[in-house]
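Only a predicted model underlies this, so the values are computations on that prediction, with no experimental measurement involved. Values below: all heavy atoms of this structure, side chains included; hydrogens, waters and symmetry mates excluded.
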Amino acid sequence: VLKRPGVDRFLERVGKTYEVVIFTASLSKYADPLLDLLDTGRVVRHRLFRESCTWHEGNYVKDLQILGRPIEKTIIVDNSPMSYLFQ
């Protein structure tokens, strides 16, 4: 696993202000070991995987309501708008 320069510092700083949750459409058996290598400072408080997604019209959709957090206070960073189609 190659980390982008500065990712450790970024996660550390973000983790001081925000609750960091990783919600990926990847299978946990693949993503969990990668997240262990990425999150060496243990900043990520929760991990959600494909098993937590909803299959909708050929896509895995991340329904942010399962987070149990106010949507208006939630920030999602994703490469596909289809991933959070329900919000």
Partners meeting side chain to side chain contact (heavy atoms under 4.5 Å, CB included) with Val7 (sequence neighbours left out): Lys3, Leu11, Leu38

With a 4.5 Å cut-off on side-chain heavy-atom distances among I, L, V, M, F, W and Y, is there a chain of contacts connecting Phe49 to Val44? yes

Taking the hydrophobic residues Ile, Leu, Val, Met, Phe, Trp and Tyr, and joining any pair whose side-chain heavy atoms are under 4.5 Å apart, which ones share a cluster with Leu2? none

Taking a hydrophobic cluster as the set of Ile, Leu, Val, Met, Phe, Trp and Tyr residues connected by side-chain heavy atoms closer than 4.5 Å, whether directly or through intermediates, do Phe23 and Val61 fall within one such cluster? no

Please round to the nearest 0.5 Å and tell me the distance separating atom CG of Asn59 and atom OG1 of Thr54. 11.5 Å

From Asp32 atom CG to Ile22 atom CD1, the distance as rounded to the nearest 0.5 Å: 11.0 Å

If you group Ile, Leu, Val, Met, Phe, Trp and Tyr whenever their side-chain heavy atoms sit less than 4.5 Å apart, what else falls in with Leu27? Tyr30

Side chain to side chain donor-acceptor pair (under 3.5 Å) against Thr74, all qualifying residues, sequence neighbours excluded: none

What pairs of residues pass the salt bridge (Lys or Arg N to Asp or Glu O under 4.0 Å) test when at least one of them lies in residues 70-87, not counting sequence neighbours? Lys62-Asp78

Would you kindly confirm whether Ile76 and Leu67 end up in one hydrophobic cluster when ILVMFWY residues are joined by side chain heavy atoms under 4.5 Å apart? yes

According to side chain to side chain donor-acceptor pair (under 3.5 Å), who are the partners of Ser28, at least two apart in sequence or on a separate chain? Glu51

Suppose we screen for side chain to side chain donor-acceptor pair (under 3.5 Å). Which residues come up paired with Gln87, at least two apart in sequence or across chains? Asp63

The criterion is side chain to side chain contact (heavy atoms under 4.5 Å, CB included); which residues satisfy it with Pro81, sequence neighbours excluded? Tyr84

Using ring-ring contact (aromatic ring centres under 6.0 Å, His included) as the criterion, list what pairs up with Tyr60, not counting sequence neighbours. Trp55

Can you name the ring-ring contact (aromatic ring centres under 6.0 Å, His included) partners of Phe86, sequence neighbours left out? His56

Pairs flagged by side-chain hydrogen bond (donor to acceptor under 3.5 Å, both in side chains) wherever residues 33-45 is involved - sequence neighbours left out: Asp36-Arg47

All N/O donor-acceptor pairs, side-chain side in residues 14-21, below 3.5 Å, sequence neighbours left out:
unit_1: Glu19; atom_1: OE1; unit_2: Arg69; atom_2: NE; d: 2.8
unit_1: Glu19; atom_1: OE2; unit_2: His46; atom_2: NE2; d: 3.3
unit_1: Glu19; atom_1: OE2; unit_2: Arg69; atom_2: NH2; d: 2.7

